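The model shown is predicted, which means the values in this text are computed figures rather than measured ones. We're numbering straight along the sequence, starting at 1.
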Amino acid sequence: MTTLNRPGAPDGHVCGIDTAMEVIGGKWKVLILWALHEHPYRRFGELRRLLPGITEKVLASHLREMEADGVVHRVSYDEVPPRVEYSLTEDGMRLNDALQPLAAWGRRCHSLEATVQVRRVARGSAETVDARGA
């Protein structure tokens with residue numbers, strides 16, 4: 001993923017967040033990082049099964065980009081049939097550690113959202129009962 005140069009920065013990056021977003025930007029890259037964190041040393045097909053909805057083309061493209069960015073390590077074994085395994089590099093592990101607070105924030109928001117939804121449903125049921133009883 002290439003970021004176009006932006007005014008004020010010769011390499012196009014304005015700050016560290018900008019650089020990080022170039023590496024993890026997109027729908028699937030963070031999920032690939034998380035899958036490799038939870039299930040290290042995975043083959044392509046195993047990764048694809050861990051990420052329902054991702055296409056082979058997108059997974060292959062993201063893995064190549066993440067390898068070029070130094071967060072994913074690819075090992076090809078000289079076997080028949082050929083075997084390739086993916087794992088996180090040290091930088092990939094550090095990046096995943098940096099994403100932990102974001103994951104915690106998401107879990108809190110999701111939990112809060114679920115609580116609010118349950119209250120709305122319960123309130124809606126009570127209002128329905130009140131309307132019928134009136």
Side-chain angles (χ1 to χ4, degrees):
M1 175 177 194
T2 304
T3 301
L4 299 176
N5 285 345
R6 297 187 181 131
D11 67 353
H13 295 113
V14 180
C15 66
I17 293 290
D18 192 26
T19 304
M21 289 307 296
E22 185 173 335
V23 174
I24 62 170
K27 177 179 178 180
W28 295 103
K29 286 186 178 181
V30 172
L31 298 175
I32 293 168
L33 278 170
W34 202 257
L36 285 172
H37 170 75
E38 293 289 315
H39 308 277
Y41 305 102
R42 292 293 147 175
R43 296 174 74 169
F44 185 88
E46 293 170 322
L47 275 175
R48 187 154 183 247
R49 282 188 291 280
L50 289 170
L51 301 164
I54 194 168
T55 64
E56 285 187 22
K57 180 180 177 180
V58 169
L59 180 57
S61 171
H62 282 350
L63 285 169
R64 276 193 301 274
E65 290 172 10
M66 295 168 78
E67 184 181 8
D69 288 331
V71 294
V72 168
H73 183 66
R74 179 183 188 271
V75 177
S76 180
Y77 296 92
D78 191 21
E79 299 175 353
V80 176
R83 178 170 57 114
V84 176
E85 286 184 346
Y86 297 91
S87 60
L88 293 178
T89 63
E90 288 294 322
D91 275 346
M93 288 184 238
R94 282 192 288 276
L95 180 55
N96 221 15
D97 289 343
L99 291 169
Q100 292 278 356
L102 184 61
W105 180 86
R107 283 189 297 273
R108 278 193 309 275
C109 285
H110 181 73
S111 175
L112 179 62
E113 185 178 298
T115 301
V116 168
Q117 255 182 343
V118 166
R119 287 181 184 159
R120 279 190 198 133
V121 169
R123 200 172 352 164
S125 298
E127 289 170 4
T128 304
V129 170
D130 289 345
R132 277 189 260 155

- Query: If you measure from the Lys or Arg side-chain nitrogens to the Asp or Glu carboxylate oxygens, is any gap between R94 and D91 under 4.0 Å?
  - Reply: yes

- Query: Taking only residues at least two apart or on different chains, which pairs with a member in residues 46-58 satisfy side-chain hydrogen bond (donor to acceptor under 3.5 Å, both in side chains)?
  - Reply: R48-E56

- What are the two closest non-hydrogen atoms of A103 and W34, and how far apart are they? CB-CH2, 4.3 Å

- Task: Check the pair L63, R74 against side chain to side chain contact (heavy atoms under 4.5 Å, CB included), reporting the backbone distance first and the verdict last.
- Result: CA-CA 9 Å; L63 285 169; R74 179 183 188 271; over 6 Å; no

- Tightest non-hydrogen contact, residues M66 and K29, listed as CE-O, 3.6 Å

- Query: Quick one: do V30 and I17 end up in the same hydrophobic cluster if we chain Ile, Leu, Val, Met, Phe, Trp and Tyr together by side-chain heavy atoms under 4.5 Å apart?
  - Reply: yes

- Message: Side-chain heavy atoms nearer than 4.5 Å, only ILVMFWY residues, links allowed to pass through others: does that put Y41 and L50 together?
- Response: no

- Task: Working to the nearest 0.5 Å, report the span between CE of M93 and OG of S87.
- Result: 7.0 Å

- Message: Within the structure provided, determine whether R42 and L36 are in side-chain contact (heavy-atom separation under 4.5 Å).
- Response: yes

- Query: Do you know which two heavy atoms are closest between L33 and G92, and how far apart they sit?
  - Reply: CD2-O, 4.2 Å

- Message: Ignoring hydrogens, what is the shortest heavy-atom contact between S76 and V84? Give both atom names and the distance.
- Response: OG-CG2, 4.0 Å

- Message: Could you measure the distance from the CG atom of D97 to the NE2 atom of H37? Nearest 0.5 Å is fine.
- Response: 7.0 Å

- Task: Could you tell me whether the side chain of L31 reaches within less than 4.5 Å of the side chain of I54, counting heavy atoms only?
- Result: no

- V23 and L102: same hydrophobic cluster, using ILVMFWY side-chain contacts below 4.5 Å? yes

- Identify the two heavy atoms, one from L59 and one from L51, that lie closest to each other, and give their separation to 0.1 Å. CD1-CD1, 4.3 Å

